[in-house]
Amino acid sequence: MSRLTNKHIILAITGGIAAYKSAELVRLLIKAGAQVEVVMTSGATAFITPLTLQALSGNPVHQHLLNPKAEAGMGHIQLARWADLLLIAPASANVMARLAQGQADDLLTTLCLATDAPVLLAPAMNQAMWRDPATQSNLTTLLARGIQIHGPAEGEQACGDTGAGRMLEPSELLTTVKAQFDQGLLAGKTLVITAGPTREAIDPVRYISNHSSGKMGYALAQAARDQGATVTLISGPTHLAKPDDIKFVAVESAQDMLEASLNVGHSADYFIAAAAVADYRPIIASQEKLKKLNADDRLSLDLVQNPDILATMAKQHPQTICIGFAAETENLILNGQTKLGRKGVHMIIANDVSNTDIGFNSDNNQVSLITSNGVEELPLLSKQQLARRLIVAITNTSHKA
Ligand code: PMT
């Protein structure tokens with residue numbers, strides 16, 4: 001079975017003479033076992049007909065954002081969710097500029113914003129257009145957002161110029177696409193990731209907990225799996241679906257989470273603590289439901305500190321690269337740096353949880369990466385995009401505080 005068997009690829013074609021090569025690319029992708037949906041901009045249809053791409057892909061070509069007929073079938077959001085990978089080949093200077101601005105005024109740009117799949121660009125344009133500072137600045141912006149750029153190649157161009165601007169050959173792009181599903185950065189590595197909240201029982205029906213949704217930890221688990229890792233996700237209670245191809249351990253309390261981490265963590269290359277673990281639990285969880293007291297009476301709970309799972313893992317498994325989060329409402333960097341040293345970990349990913357647009361239960365997050373080498377600020381990203389960036393950063397980490 002090929003690495004591309006049943007992989008869902010969107011091949012988007014923009015206006016440029018290299019569009020004719022995309023027909024061959026579709027043929028190669030299909031031959032390798034991928035399912036291919038083709039998206040064409042109006043510029044692309046000036047160079048190659050949708051009928052050619054339909055015949056090669058076996059599917060009608062998607063051309064319009066607001067086409068009632070198309071939306072009744074696989075609408076643009078469904079298409080964005082369907083994709084395992086979105087490849088724009090050729091990618092014109094125009095589409096790079098529009099993506100850099102975050103536009104969503106046609107099907108392709110909207111798909112790029114809506115998809116969680118990796119987005120790859122194979123630029124093709126005149127060499128002067130490629131070298132122009134505007135295109136280079138757009139390139140920097142797109143790279144910073146985690147969009148992958150493959151090519152352009154150097155050589156003779158259709159316009160007679162010579163220089164960088166040729167789209168990579170279809171066979172080279174096929175290799176690039178295959179590599180996305182290949183071993184990945186974490187091939188052969190084992191990761192244990194904690195996610196979600198913990199629940200600390202007060203009695204059989206009540207507990208202490210927090211607002212963690214699990215989204216950040218689950219996104220990390222999926223990004224690590226996509227980079228070829230064997231992943232165990234230890235999750236507190238969430239409403240999220242269990243991700244495919246990931247070992248899953250459901251836990252309730254901090255003590256359960258510690259036990260599960262120690263059980264599976266001994267052979268882990270990386271331990272990532274994204275869970276929001278309750279720092280305290282009731283000393284005694286009542287076996288019976290606590291009764292309501294008289295109106296004037298007060299009820300107090302005696303709490304005891306929970307074990308620190310991350311610090312325990314870092315201490316007991318010095319060979320494991322341990323990464324923690326810091327959920328802070330003030331002095332983000334300073335408090336993050338303190339946690340880096342106190343917990344003895346390789347990296348702290350600090351997020352400002354006083355901002356309700358990021359952190360707990362939101363779809364986006366913005367973090368600072370704190371290591372003994374310094375601090376790196378990342379931009380505001382969806383948790384899926386951020387997870388992919390974090391996995392790359394984490395694989396480059398090897399020094400403790
Ligand atoms: O789940 P989401 O809704 O997507 O939200 C994501 C998040 C905000 C929960 C996540 O980005 C995050 O910040 N997770 C860590 C939350 C937290 O408990 O931070 P902390 O600063 O209190 O803890 C520091 C680190 O020690 C964390 O890695 C935590 O998992 C770990 N810890 C804390 C206490 C404890 N007893 N054991 C631990 O392992």
Side-chain angles (χ1 to χ4, degrees), residues 191-200 208-223 233-240 243 251-262 265 268 270-281 303-317 320-370 378 380-387 389-390 394 401:
L191 265 87
V192 175
I193 300 176
T194 66
T198 63
R199 283 182 184 171
E200 310 302 326
I208 298 172
S209 192
N210 58 63
H211 294 295
S212 170
S213 62
K215 288 177 193 170
M216 190 70 251
Y218 280 51
L220 276 165
Q222 284 159 323
L233 179 61
I234 301 174
S235 175
T238 75
H239 295 292
L240 303 178
V251 296
E252 287 263 336
S253 68
Q255 283 179 304
D256 296 342
M257 192 173 268
L258 174 67
E259 210 172 291
S261 300
L262 291 171
Y270 296 87
F271 179 76
I272 308 178
V277 183
D279 285 324
Y280 291 89
R281 68 176 185 277
L303 303 178
V304 64
Q305 245 184 56
N306 267 325
D308 191 312
I309 302 165
L310 177 60
T312 308
M313 286 296 293
K315 197 162 174 210
Q316 294 201 13
H317 300 292
T320 302
I321 294 185
C322 290
I323 317 276
F325 275 73
E328 303 297 338
T329 54
E330 56 182 349
N331 301 328
L332 182 71
I333 302 301
L334 200 63
N335 287 338
Q337 283 167 332
T338 308
K339 280 182 184 164
L340 182 78
R342 197 176 68 223
K343 298 191 184 233
V345 296
H346 294 74
M347 180 191 282
I348 284 286
I349 302 164
N351 39 200
D352 178 355
V353 291
S354 66
N355 179 351
T356 50
D357 293 338
I358 61 173
F360 281 98
N361 202 19
S362 74
D363 290 333
N364 301 316
N365 206 356
Q366 183 166 19
V367 302
S368 303
L369 308 187
I370 303 175
L378 296 189
L380 177 68
L381 294 166
S382 75
K383 282 182 176 167
Q384 283 75 17
Q385 290 170 326
L386 176 62
R389 289 281 296 269
L390 290 175
I394 283 165

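Both ligands and their constituent atoms are indexed starting at 1 by order of listing. Since the model is a prediction, treat every value here as computed from it, not as a measurement.
For the pair T194 and ligand 1, the shortest N or O to N or O distance does not fall below 3.5 Å. For ligand 1, one of its N or O atoms has an N or O atom of M216 under 3.5 Å away. Of the N or O atoms in A327, one or more lie within a sub-3.5 Å distance of an N or O in ligand 1. For ligand 1, the polar-atom distance check finds an N/O of G214 within less than 3.5 Å of one of the ligand's N/O atoms. For the pair S212 and ligand 1, the shortest N or O to N or O distance falls below 3.5 Å.
Near K215, meaning under 4.0 Å from any of its heavy atoms, are these atoms of ligand 1: 1 (O), 2 (P), 4 (O). Residue D279 approaches ligand 1 through these ligand atoms, each under 4.0 Å from one of its heavy atoms: 34 (C). In the vicinity of G324, heavy-atom distances shorter than 4.0 Å reach the ligand 1 atoms 28 (O). Within ligand 1, counting atoms from 1 as listed, the ones closer than 4.0 Å to a heavy atom of A326 are 21 (O).
Two residues are said to be in side-chain contact when any heavy atoms from C-beta on lie closer than 4.5 Å; D357 and N364 fail this criterion. At least one side-chain heavy atom of L310 sits under 4.5 Å from a side-chain heavy atom of C322. Under the 4.5 Å side-chain criterion, counting only non-hydrogen atoms from C-beta, P197 is not in contact with H211. Contact of the F271 side chain with the T194 side chain is registered, since non-hydrogen atoms from C-beta on lie closer than 4.5 Å. In this structure, N351 and I349 have side chains that are not in contact, with every pair of non-hydrogen atoms separated by 4.5 Å or more. Considering only heavy atoms from C-beta on, V345 comes within 4.5 Å of L340 through its side chain. With contacts defined as side-chain heavy-atom distances shorter than 4.5 Å, the pair K215/N361 qualifies. Residues D352 and E330 form no side-chain contact, since every pair of their non-hydrogen atoms from C-beta on lies 4.5 Å or further apart.
Within the structure, the closest approach of A274 to ligand 1 falls below 4.0 Å when heavy atoms are considered. For T312, the heavy-atom gap to ligand 1 stays at 4.0 angstrom or more. Taking a 4.0 Å cut-off on heavy atoms, K383 registers as neighbouring ligand 1.
Taken from CG in N210 to CZ in F360, the straight-line distance is 5.0 Å, to the nearest 0.5 Å.
Protein heavy atom closest to atom 21 (O) of ligand 1, with residue, atom name and distance, is K339 NZ, 2.5 Å. Of the protein's non-hydrogen atoms, the one nearest atom 28 (O) of ligand 1 is A273 O, 2.7 Å. Regarding atom 11 (O) of ligand 1, its nearest protein heavy-atom neighbour is N351 OD1, 2.6 Å. The closest protein non-hydrogen atom to atom 39 (O) of ligand 1 is L310 N, 2.9 Å. Of the protein's non-hydrogen atoms, the one nearest atom 18 (O) of ligand 1 is A276 CA, 3.4 Å. Among all non-hydrogen protein atoms, the one lying nearest atom 37 (N) of ligand 1 is I309 N, 3.1 Å. Here the heavy atom of the protein found nearest to atom 32 (N) of ligand 1 is K343 NZ, 3.8 Å. Given atom 27 (C) of ligand 1, the protein heavy atom at minimum distance is F325 O, 3.1 Å.
Between A278 and T198 the shortest heavy-atom distance is N-OG1, 2.9 Å. Here the closest non-hydrogen pair linking L378 and R389 is CD2-NH2, 3.4 Å. Residues L386 and N365 come closest through the heavy atom pair CD2-CB, 3.6 Å.
Among A254, P307, A275, the residue whose heavy atom sits closest to atom 36 (N) of ligand 1 is P307.
No donor-acceptor contact under 3.5 angstrom links the side chains of N335 and T338, judged on distance only.
Using a 4.0 Å cut-off between heavy atoms, N365 contacts ligand 1 through its side chain alone, with no backbone atom that close. Counting heavy atoms closer than 4.0 Å to ligand 1, residue V367 contributes nothing at all.
When atom types are taken as modelled, the side chain of E328 and the backbone of I333 share no donor-acceptor pair closer than 3.5 angstrom.
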